[in-house]
Number of protein chains: 2
Amino acid sequence: MPRQKSPKNGRVGSSARMRDVAKRAGVSAMTVSRALKEPSKVSPEMLERVLNAVKEIGYLPNHLASSLSSNRSTTIGLIVPSIDNSIYTQTVKGLSDVIKRSGFQLMIAESGYDTNEEEELITAFLTHRVSGLVLHSTEHTPQAIQKIKKAEVPVVENGNIPAQPLDMVVSYSNHDAAYAMTMHLGRLGYKNIAFASLHSTHNDRSRDRLAGYHHALRDLGLEPNPKLIVETSRGLAAGAEAVTRVVHSVPEVDALFCAGDVLAVGALFECQRRGWSVPDRIAIASFDDVDLLRHVSPTVTTLRLPRYDIGERSGQMLLSRIIDGAEHLRGSVVDVKFEVIQRESA
Amino acid sequence: MPRQKSPKNGRVGSSARMRDVAKRAGVSAMTVSRALKEPSKVSPEMLERVLNAVKEIGYLPNHLASSLSSNRSTTIGLIVPSIDNSIYTQTVKGLSDVIKRSGFQLMIAESGYDTNEEEELITAFLTHRVSGLVLHSTEHTPQAIQKIKKAEVPVVENGNIPAQPLDMVVSYSNHDAAYAMTMHLGRLGYKNIAFASLHSTHNDRSRDRLAGYHHALRDLGLEPNPKLIVETSRGLAAGAEAVTRVVHSVPEVDALFCAGDVLAVGALFECQRRGWSVPDRIAIASFDDVDLLRHVSPTVTTLRLPRYDIGERSGQMLLSRIIDGAEHLRGSVVDVKFEVIQRESA
DNA sequence: GACAATATTGTTACCGGTATCAAAATCCAC
DNA sequence: GTGGATTTTGATACCGGTAACAATATTGTC
C-alpha cells in the first residue's frame with residue numbers, strides 16, 4: 001500500500017488537488033479530469049459524484065498545471081501603447097467582451113509607444129505561453145518579429161494597415177481616413193487646410209495620416225504649405241496651442257484638421273476664448289469620435305472609427321484560430337470601414 | 001544509456017526546453033535553472049556557457065512550468081467595474097507601472113458593477129493561481145469572500161473604505177469626499193445644494209457619497225430636500241438632464257454637486273445652452289478632476305482624488321506581501337488624501 | 001447467447017520546470 | 001599537506017494536471 005506520496009508537511013489549506021477530489025468521489029483522477037473538461041465522456045452517475053466531491057472540497061482547478069500538461073493555455077496577451085488613453089480602451093473592451101465569453105483571460109501591458117518596450121512585453125507574454133497576441137501597433141523590432149514567428153502564436157495587429165502584416169490585421173487605414181477628411185474639407189471649399197498631429201508618436205500611424213492629408217491636397221489641386229503642418233503634444237492644451245501657432249504663421253488659415261487625441265476640443269476652446277466663430281473664422285475637424293465632440297458647441301465634425309468593433313473582430317479571429325484552428329484566417333487583413341461625420345464645426 | 005525519454009515526434013519547432021539548453025552547454029538542467037534564477041549560485045564560467053547556450057538556442061523560459069513547480073506565480077489579477085471608464089484607467093496605470101518593474105504581469109477583467117460577475121472573475125483568477133488580487137470594489141458575494149480567504153491570496157480593495165475590509169485597502173473615503181465638497185459649497189453661501197448621482201451603480205460608493213452630502217447639510221444647518229437629489233445615468237447627456245430636472249422641481253436651486261463621471265461637464269454645457277451664468281445662476285461642482293474640467297469655461301470646481309497614486313500604492317503593498325512576505329501589511333487600510341479644488345464654477 | 005463494436009474507466013508516462021538532498025570540487029587555516 | 005567547512009554541481013522526485021493507451025463494462029446484432 002503506497003502511503004502518501006508527498007511527505008510535504010506544509011501543504012497550505014488552500015489548494016485541494018484533483019486526486020483529492022478523485023479519492024473523495026472514489027474514482028481515478030483521470031475521471032475527474034474528464035468530468036470537468038468533457039462531461040459527455042463520463043457516465044451520468046460518475047459525473048454527479050465528481051461534481052459533488054468538487055463542491056464539497058471546494059476544489060479549484062489549476063490552470064497552470066492544465067496548460068502545461070495539455071500544451072495549450074487560455075490567456076491572450078494584449079499590448080497597447082497607453083493604458084489610460086480612451087482611444088484604446090474601447091478596443092480593449094471589445095476584445096475583452098469577446099474572449100471573456102470563451103473563458104479566456106486577458107493579460108494587458110503598455111508599451112509606451114516604444115517598440116523596444118513592446119519587444120520585452122512580447123517576450124514576457126511568450127514565457128507565459130499566451131495562446132494569442134493582440135498588438136495595437138504595426139511597428140515591431142526585428143527580434144520581436146522573429147520571436148513571434150518562432151513561437152508560432154497567432155497575432156492580430158491593430159491601429160493601422162501595415163505594408164507587411166505579421167499575421168492577421170484588423171484596422172482602418174490611417175492614410176485613407178486622413179485622406180477622406182481632408183477631401184471632405186476641400187469639397188466644403190476650405191483652401192488653407194492646416195494639419196495638426198502628435199509629435200510624441202513618430203510612428204507609421206502618424207506618417208500615414210500625414211501622407212493621406214498630402215494625397216488629398218494633391219487631388220484637390222491645393223498647394224501644400226509646410227507652415228500649415230503643426231506637430232504638437234497630447235491633451236487639450238496642445239490643441240489650443242496648435243491654433244495659436246498655425247494662426248500666427250499662416251493668418252489666412254481657414255480650417256484645422258486635428259489628427260489625434262482630443263486636440264480638436266482644445267482647439268475649439270481656444271477659438272471660443274478668442275471669440276472666434278467656428279466654422280466662419282476657422283473650421284475644425286477631428287479624427288476620433290469621442291463623446292465630447294457631440295456635446296460642445298458648435299458640435300465637431302469628425303471621423304467615426306469603429307474602435308469597439310476592431311477589438312471584437314480581433315478577438316473573434318484570434319479565437320477562431322486558437323480554438324477551431326481556422327488556418328484560412330492566417331494572414332487575413334480586415335480593413336474596417338470608417339465614415340466622416342459632418343457636424344457644425346466644418 | 002537512456003535514450004531520448006520522450007518519443008514524441010511532433011515537437012513544435014517553437015519551444016526549446018531547459019534540458020536542450022543544458023545539453024548544449026554541457027551542464028545539468030538544474031544548473032541552467034540556477035544560472036537564470038540565481039546567477040550568484042553558479043560559477044562565472046558556467047553562467048557564461050549557459051547564457052550563450054540560451055542565446056544560441058533562443059530559449060524562452062516557461063512560466064507555467066516554473067510557477068507550477070515553485071508554487072508561486074508572477075501574475076496579479078485586477079478587476080475593475082468598467083474597463084473603458086477613464087476614472088479607473090488612471091488607477092490601472094499606476095498599478096501597471098509598479099508591477100511591471102518587478103516583472104509581474106497583470107490580468108485584467110471587468111465586472112460590470114456586478115458582484116456575481118466579480119465572483120466568477122475571482123474564481124477564474126484563482127484557477128490561474130494569481131499571486132495577488134486588486135479589486136476596485138468593496139462589495140463582494142459571500143462566496144467570493146470565502147474563496148479568497150481559502151486561497152490565502154493577498155488582496156487590495158480600492159474605491160471606498162469598507163467597514164469590513166477583506167485584507168488591505170487603498171482608497172479615499174467617499175463619505176468624507178462628498179462631505180468635504182458639500183461643506184465647501186455651504187461655506188460659500190449656497191443654500192439649496194442639489195446632489196446628482198448615478199443610479200446605475202447602487203453600490204456602497206454611491207451610498208456613502210449621499211451619506212456624506214446629508215451629513216454636511218446637517219452640519220451646515222441646512223434642511224435636506226429629497227427633490228434636490230437627482231439620480232441619473234452616465235455621460236454628458238445625463239448631466240444636462242440633471243440640470244433640467246432639478247431646476248424644474250426646485251427652481252430656487254443655487255448649486256449642483258455632480259457626484260460622478262463627467263456629469264458636471266454635461267451640466268455646464270446645459271447651462272451654457274440656456275444662457276445661464278455659472279456660478280451666478282447656479283454653481284456647479286464635480287467629483288473627479290478630469291482634465292476637461294480645467295479647460296471649459298468657467299473652469300469647474302472639483303475634488304482631486306489621487307487615482308494614479310491609489311494604483312501605485314496598491315501595487316507596492318501587494319508586492320511587499322508577495323515578494324517580501326510583509327505580513328505586517330495584512331489588513332492595513334490606507335485612507336488617501338483628497339482635496340477640494342476651487343475654480344470658477346462655484 | 002456469442003462476439004464484435006462501442007462506451008467507460010483506469011494506468012502510466014510525461015508536460016517543463018524546481019526543491020531537496022547528495023556528491024564533487026574548492027577553499028581555508030593550521 | 002590534511003581535515004573540515006563551504007561552494008558548486010548533479011540526480012531524483014515531484015508540482016498538478018492530461019495524452020495515450022490498456023483494461024473493463026456495456027451495447028447491439030444476428
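Throughout, protein chains are lettered first and strands after them, A, B, ... in sequence-line order, and every chain is numbered starting at 1.
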Engineer: From the set C:dT9, C:dG17, D:dT18, return the single nucleotide nearest to any side-chain atom of A:Ser33.
Structural biologist: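 Shortest atom-to-atom distance from the side chain points to D:dT18.
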
Engineer: Donor-acceptor pairs under 3.5 angstrom involving side-chain atoms of residues 95-110 of chain B: please list them, not counting sequence neighbours.
Structural biologist:
from: B:Asp97; atom 1: OD1; to: B:Lys93; atom 2: NZ; distance (Å): 3.3
from: B:Asp97; atom 1: OD2; to: B:Lys93; atom 2: NZ; distance (Å): 3.3
from: B:Asp97; atom 1: OD2; to: B:Tyr308; atom 2: OH; distance (Å): 2.6
from: B:Lys100; atom 1: NZ; to: A:Glu110; atom 2: O; distance (Å): 3.1
from: B:Glu110; atom 1: OE1; to: A:Lys93; atom 2: NZ; distance (Å): 2.8
from: B:Glu110; atom 1: OE2; to: B:Ile83; atom 2: N; distance (Å): 2.7

Engineer: Of all the choices, C:dG10, D:dG17, C:dC15, which nucleotide is nearest to the side chain of A:Arg19 once you look at every atom?
Structural biologist: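 So the side chain of A:Arg19 is nearest to D:dG17.
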
Engineer: Could you pull out all residues at least two apart from B:Glu327 that satisfy side chain to side chain donor-acceptor pair (under 3.5 Å)?
Structural biologist: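 Applying side chain to side chain donor-acceptor pair (under 3.5 Å) to B:Glu327 gives B:Arg330.
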
Engineer: Could you give the CG-to-C1' distance, from A:Asn62 to D:dG16, as a whole number of Å?
Structural biologist: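 In whole Å, D:dG16 C1' lies 6 Å from A:Asn62 CG.
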
Engineer: Out of D:dC15, C:dG17, D:dA20, which has the shortest distance to the side chain of A:Met30?
Structural biologist: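 Out of D:dC15, C:dG17, D:dA20, the nucleotide with an atom closest to A:Met30's side chain is D:dA20.
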
Engineer: At less than 4.0 Å, is any side-chain N or O atom of A:Thr31 found next to OP1 or OP2 of C:dT8? Yes or no.
Structural biologist: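 False: A:Thr31 side-chain N/O out of range (4.0 Å or more) of C:dT8 OP1/OP2.
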
Engineer: For B:His136, check ring pair (Phe, Tyr, Trp, His ring centres under 6.0 Å) against everything at least two apart and list the hits.
Structural biologist: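 Residues passing ring pair (Phe, Tyr, Trp, His ring centres under 6.0 Å) with B:His136: B:Tyr88.
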
Engineer: Would you mind listing every ring-ring contact (aromatic ring centres under 6.0 Å, His included) that reaches into residues 147-171 of chain B, with sequence neighbours excluded?
Structural biologist: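 The answer is none; no pair qualifies.
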
Engineer: Hey, is the side chain of B:Ser28 pairing donor to acceptor with the base of D:dG10 inside 3.5 Å?
Structural biologist: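 Result: no qualifying N/O pair found.
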
Engineer: Over how many whole Å does the gap from A:Asn71 atom CG to C:dG16 atom P extend?
Structural biologist: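 Going from A:Asn71 (CG) to C:dG16 (P), I get 7 Å.
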
Engineer: May I have all residue pairs that pass ring-ring contact (aromatic ring centres under 6.0 Å, His included) and include part of residues 57-80 of chain A, sequence neighbours excluded?
Structural biologist: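 Checked against ring-ring contact (aromatic ring centres under 6.0 Å, His included) - neighbours excluded - the pairs reaching residues 57-80 of chain A are A:His63-B:His128.
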
Engineer: B:Gly26 or B:Ser70: which one's nearest nucleotide on DNA chain D is closer to the 5' end?
Structural biologist: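 The residue closer to the strand's 5' end, by nearest nucleotide, is B:Gly26.
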
Engineer: Answer yes or no: is there an ion pair linking A:Arg17 with A:Asp20, defined by an N-O contact shorter than 4.0 Å?
Structural biologist: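 Result for this pair is yes, salt bridge flagged.
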
Engineer: Hey, are A:Asn62 and B:Thr127 close enough side-chain-wise for a donor-acceptor pair under 3.5 Å?
Structural biologist: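 No.
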
Engineer: Between D:dT7 atom P and B:Arg34 atom CZ, what is the distance in whole Å?
Structural biologist: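 Computing the B:Arg34:CZ to D:dT7:P distance gives 14 Å.
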
Engineer: Taking only the side-chain nitrogens and oxygens of A:Arg72, find out if one of them lies under 4.0 Å from OP1 or OP2 of D:dA19.
Structural biologist: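 Yes, such a contact exists.
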
Engineer: Figure out the CE/C1' separation between A:Met18 and D:dG16, and round it to whole Å.
Structural biologist: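 Going from A:Met18 (CE) to D:dG16 (C1'), I get 8 Å.
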
Engineer: Using heavy atoms and a sub-4.0 Å distance, could you list which residues of residues 36-55 of chain A are near DNA chain D? By number, please.
Structural biologist: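 Those residues are A:Lys37.
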
Engineer: Less than 3.5 Å between a donor and an acceptor, one on the side chain of B:Ser66 and one on the base of C:dG17, is that the case here?
Structural biologist: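 Answer no: no donor N or O sits under 3.5 Å from an acceptor.
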
Engineer: Starting at NE2 of B:His63 and ending at C1' of C:dG17, how long is that distance when rounded to a whole Å?
Structural biologist: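 Distance check: B:His63 NE2 to C:dG17 C1' gives 11 Å.
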
Engineer: Measure CG/A:Leu68 against P/C:dG17 and give the value in whole Å, please.
Structural biologist: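 About 9 Å, once rounded to whole Å.
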
Engineer: Has the side chain of A:Arg129 got a donor or acceptor that lies under 3.5 Å from a partner of the other kind on the base of C:dG16?
Structural biologist: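 A donor-acceptor contact between them is absent.
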
